Student: 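This is the structure I want to talk about, given as structure tokens.
These figures come from a predicted structure and were not determined experimentally. Residue numbers begin at 1 in each chain, while the letters A, B, ... track the order of the sequences.
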Amino acid sequence: MAFWKPGSERPRILDDEEGGVLFYNAAPASSSGYGHASMEKQRQRLPVFKYRTAILYLVETHATTIVVGETGSGKTTQIPQYLKEAGWAEGGRVIGCTQPRRLAVQSVASRVAEEMGVKLGEEVGYTIRFEDVTTAGVTSIKFLTDGVLLREMMDDPLLMKYSVIMVDEAHERSLSTDILLGLLKKVQKRRPELRVVISSATIEAKTMADFFRGRKRRGSDNDVQGPNTEPAILSVEGRGFNVHVHYLEEPVSDYVRATVSTILSINERERMGDILVFLTGQDDIEAATQMLNDETHHNARKSSGLIILPLYSGLPRGDQDLIFSPTPRGKRKVVLSTNIAETSLTLEGIVYVVDSGFSKQRFYNPVTDIENLVVAPISKASARQRAGRAGRVRPGKCYRLYTEEYFLNEMATEGIPEMQRTNLVSCVIQLKALGIDNILGFDWPASPSPEAMIRALEILYSLGILDDDAKLTSPIGFQVAEIPLDPMVAKMIISSHELGCSEEIITIAAVLSIQSIWASVWGSQKQLDEAKLRFAAAEGDHVTFLNVYKGFLQSGKSSQWCQRNFVNYHAMKKVIEVRDQLKRVALRLGLSLKSCDRDLQVLRKAVTAGFFANACRLEPYSHNGMYKTVRTSQEVYIHPSSVLFRVNPKWIIYHALVSTDRQYARNVISIEPSWLTEIAPHFYNSKERAL
DNA sequence: GGGTTGACT
């Protein structure tokens with residue numbers, strides 16, 4: 001197989017002084033001769049085109065190639081096509097390209113299908129959860145979320161049908177990307193012919209190269225058949241416009257206030273162009289909106305022509321769509337956003353960015369097993385990403401609400417990988433299902449803390465998913481691994497089979513996997529609370545969800561019904577979709593679906609079987625509804641959004657904790673304490689806890 | 001008395 005154009009000049013190799021990492025400079029590109037003329041011209045104008053020969057040469061000769069490229073370089077759409085043109089899809093093999101997000105998978109796949117002049121789902125296809133737009137034996141370029149590829153590995157651990165896997169947006173260091181990278185390194189040892197292309201937006205490629213560098217074997221690598229195991233690095237320039245960065249001269253204490261005055265001064269002094277503002281959450285965004293609106297009343301000149309638009313994931317769909325409507329002449333859009341606009345969503349027409357320097361980040365404490373949301377400083381990589389959003393249409397400006405000294409000397413280069421900030425139960429079970437026994441010795445791009453690993457093993461052991469040797473139990477462990485949900489939810493589903501309430505429990509599981517089924521409407525919290533009362537069940541939120549689901553079905557899945565009842569229609573559609581998938585999985589696992597009708601006790605027992613570790617007891621004589629967890633005596637309060645808020649039954653089980661100034665238990669169900677010793681005697685008796 | 005963001009055959 002010769003993949004770089006025969007007769008063309010080999011690209012030049014520049015050896016890096018440290019460890020022989022390869023850097024390449026651009027070599028003259030050769031035309032591919034595919035597609036129709038205008039599309040072909042467009043493709044050739046992309047920065048990545050100059051590197052076509054170099055990329056193909058590197059991929060052929062190296063097991064791993066790392067492509068560093070800013071947004072707009074065209075790497076995501078072009079590299080898979082180059083690989084196909086060079087023959088990597090011959091013999092029925094597939095070129096896979098992973099993305100962290102579903103939307104990106106869909107849009108990149110349709111773009112590539114268009115460029116190649118083929119129908120989406122034939123030569124070019126994509127797979128995301130609930131949607132497989134591929135044709136076996138025909139699809140040769142396949143885009144997929146990294147989560148889907150991990151699931152595929154459960155059936156095909158060596159990824160035999162793929163010749164190349166390109167992992168895109170690797171710099172985001174999402175949990176599934178990191179798991180995938182760790183597994184790919186392992187697969188390469190068994191399948192030296194598999195090529196891995198890692199695409200990343202930051203120059204921190206060396207960390208990745210260090211990770212993929214095969215351990216030096218005795219003797220020369222040349223003795224071994226196959227590609228060079230030394231990872232190659234190639235850098236491709238982006239195609240954004242220059243963004244001029246401004247820093248503060250002195251640090252500020254109130255970044256929301258600083259944001260507002262920066263917006264006003266841009267409006268006064270700078271020429272037309274929309275403003276994108278990065279804040280940390282809904283609270284900040286509402287506060288800033290309020291301050292800007294006050295300004296319109298008191299100082300109309302400064303704020304004239306501003307259209308203030310909030311943007312965060314919890315915002316109803318219709319309000320989010322406002323962001324994309326074109327700015328009227330003489331007006332200026334100000335989008336106040338969380339970090340959803342940093343990666344997940346691209347806004348056109350932004351010329352000015354205001355960066356508060358903060359975002360909300362999740363941190364996991366393995367000792368308490370609690371995930372916290374904390375406002376924390378962003379990394380340099382995030383700051384660059386945010387600034388880049390100003391340079392998409394013309395040269396832009398970015399106002400950083402911190403000092404240059406802080407940026408240079410104090411800001412971390414990269415964010416902390418999700419792997420090190422999260423609960424690892426799902427991750428551990430995925431690896432176990434792939435037959436990786438030595439979890440603690442697994443080679444990660446970023447090792448999680450041993451405490452977090454051990455805590456995950458303990459939890460899985462207590463659920464009966466792992467045995468004394470930390471192997472998956474049969475059948476429960478293997479069944480849990482097949483269910484694409486949190487292991488505690490999966491355990492609840494499996495237990496519901498014996499208890500005869502799986503019809504109801506899979507509905508509950510589907511609802512719990514959705515962020516919220518309630519419609520969030522500005523300023524009508526009271527009405528939502530009242531609407532909730534129509535469905536409220538004395539047993540708690542889980543049973544309330546069942547009532548909503550029943551109502552939704554009885555209405556014929558009507559969107560008007562949802563509107564009347566403050567239920568989020570899109571969320572309910574998603575519930576139906578997830579529920580259908582769970583039903584299919586359950587049937588395949590041999591779990592027949594049974595309904596318990598009005599017997600709510602078995603239902604609550606099934607919840608207990610999955611979530612016994614989250615049991616709490618109301619503090620005796622508590623006047624403010626304080627609970628303590630049975631396991632660790634943590635102080636916990638029922639979340640105000642729960643139907644059991646202020647009801648305060650003596651014993652509860654929560655689905656999740658939300659940590660703000662207090663620990664709030666979200667999605668709560670009441671239980672009988674005797675069930676804990678009945679259902680989880682190993683957990684509650686052996687620890688001699690006074691119930 | 002209250003929700004950063006992604007993802008799953």
Student: Select base, sugar-phosphate, or nothing to describe what A:Q581 touches, counting heavy atoms under 4.0 Å on all strands.
Tutor: sugar-phosphate
Student: How is A:R362 classified with respect to the nucleic acid when contacts are heavy atoms under 4.0 Å: base, sugar-phosphate, or nothing?
Tutor: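 Base, at least one base heavy atom under 4.0 Å.
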Student: Is there a donor N/O on one and an acceptor N/O on the other, under 3.5 Å, for the side chain of A:D529 and the base of B:dG1?
Tutor: yes
Student: So, do A:L657 and A:Q634 sit near enough that their side-chain heavy atoms are less than 4.5 Å apart?
Tutor: no
Student: In whole angstroms, how far is the C1' atom of B:dC8 from the CG atom of A:L485?
Tutor: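 That distance rounds to 8 Å.
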Student: Let me know the distance between CG of A:D178 and P of B:dG6, rounded to the nearest Å.
Tutor: 19 Å
Student: Rounded to whole Å, please give me the gap between CD in A:Q385 and P in B:dG6.
Tutor: 14 Å
Student: What is the distance, to the nearest angstrom, from the CG atom on A:D283 to the C1' atom on B:dG2?
Tutor: 9 Å
Student: A:S174 near the nucleic acid: base, sugar-phosphate alone, or nothing, with a heavy-atom cut-off under 4.0 Å?
Tutor: nothing
Student: How long is the line joining OH of A:Y664 and C1' of B:dG3, in whole Å?
Tutor: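 So the OH-C1' distance, A:Y664 to B:dG3, works out to 13 Å.
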Student: Just checking A:Q430: base, sugar-phosphate only, or nothing, at a heavy-atom cut-off of under 4.0 Å?
Tutor: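 It contacts nothing in the nucleic acid.
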Student: To the nearest angstrom, how far is A:E286 atom CD from B:dT4 atom P?
Tutor: 9 Å
Student: Of all the nucleotides listed (B:dT4, B:dG2, B:dC8), which has the minimum atom distance to the side chain of A:H639?
Tutor: B:dG2
Student: Between the side chains of A:Y162 and A:E152, does any donor sit under 3.5 Å from an acceptor?
Tutor: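 Side-chain D/A pair, A:Y162 to A:E152: present.
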Student: Contact class for A:L373 vs. all strands (heavy atom < 4.0 Å): base, sugar-phosphate, or nothing?
Tutor: base
Student: Taking for each residue the nucleotide of DNA chain B with the nearest heavy atom, is it A:F645 or A:R101 whose nucleotide lies nearer the 5' end?
Tutor: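 Result: A:F645.
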Student: Do A:T145 and A:R129 make a side-chain contact, defined as non-hydrogen atoms from C-beta onward lying under 4.5 Å apart?
Tutor: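 A side-chain contact under 4.5 Å is absent here.
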Student: Any donor-acceptor pair under 3.5 Å joining the side chain of A:Q282 to the base of B:dG2?
Tutor: no
Student: Would you say A:S513 places a side-chain N or O within less than 4.0 Å of OP1 or OP2 belonging to B:dC8?
Tutor: no
Student: Is there any salt bridge (charged side-chain N to carboxylate O under 4.0 Å, His left out) pair reaching into residues 163-175 of chain A, and which pairs are they, with sequence neighbours excluded?
Tutor: A:K75-A:D168, A:R101-A:E172, A:R173-A:D178
Student: When you measure from the side-chain N and O atoms of A:S313 to the phosphate of B:dT4, is any distance below 4.0 Å, counting only OP1 and OP2?
Tutor: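 No, because none of the side-chain N or O atoms of A:S313 sits under 4.0 Å from OP1 or OP2 of B:dT4.
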Student: Any side-chain heavy atom of A:N372 sitting closer than 4.5 Å to one from A:R362?
Tutor: no
Student: A:W518 CH2 to B:dG1 P: how many Å, rounded?
Tutor: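 It works out to 21 Å between those atoms.
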Student: Nearest of B:dT4, B:dC8, B:dG1 to any side-chain atom of A:V148?
Tutor: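 Minimum distance to the A:V148 side chain belongs to B:dC8.
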Student: Measure from the side-chain heavy atoms of A:I340 and tell me the nearest of B:dG6, B:dC8, B:dG2.
Tutor: B:dG6
Student: Hey, does A:T338 reach any base, or is it just sugar-phosphate, or nothing, if we go heavy atoms under 4.0 Å?
Tutor: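 A:T338: backbone/sugar contact only, no base atoms under 4.0 Å.
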Student: A:R173 has an atom CZ; how far is it from atom P of B:dA7, in whole Å?
Tutor: 19 Å
Student: Between A:Y126 and A:E131, is any side-chain donor less than 3.5 angstrom from a side-chain acceptor?
Tutor: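 Yes, a side-chain donor-acceptor pair sits under 3.5 Å.
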Student: Measure from the side-chain heavy atoms of A:R129 and tell me the nearest of B:dC8, B:dT4, B:dG2.
Tutor: B:dC8
Student: The side chain of A:Y312 lies closest to which of these nucleotides: B:dT5, B:dA7, B:dG1?
Tutor: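 For A:Y312, the side-chain atoms sit closest to B:dT5.
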Student: Identify which nucleotide among B:dG1, B:dC8, B:dT5 has an atom closest to any side-chain atom of A:R646, counting heavy atoms from C-beta outward.
Tutor: B:dG1
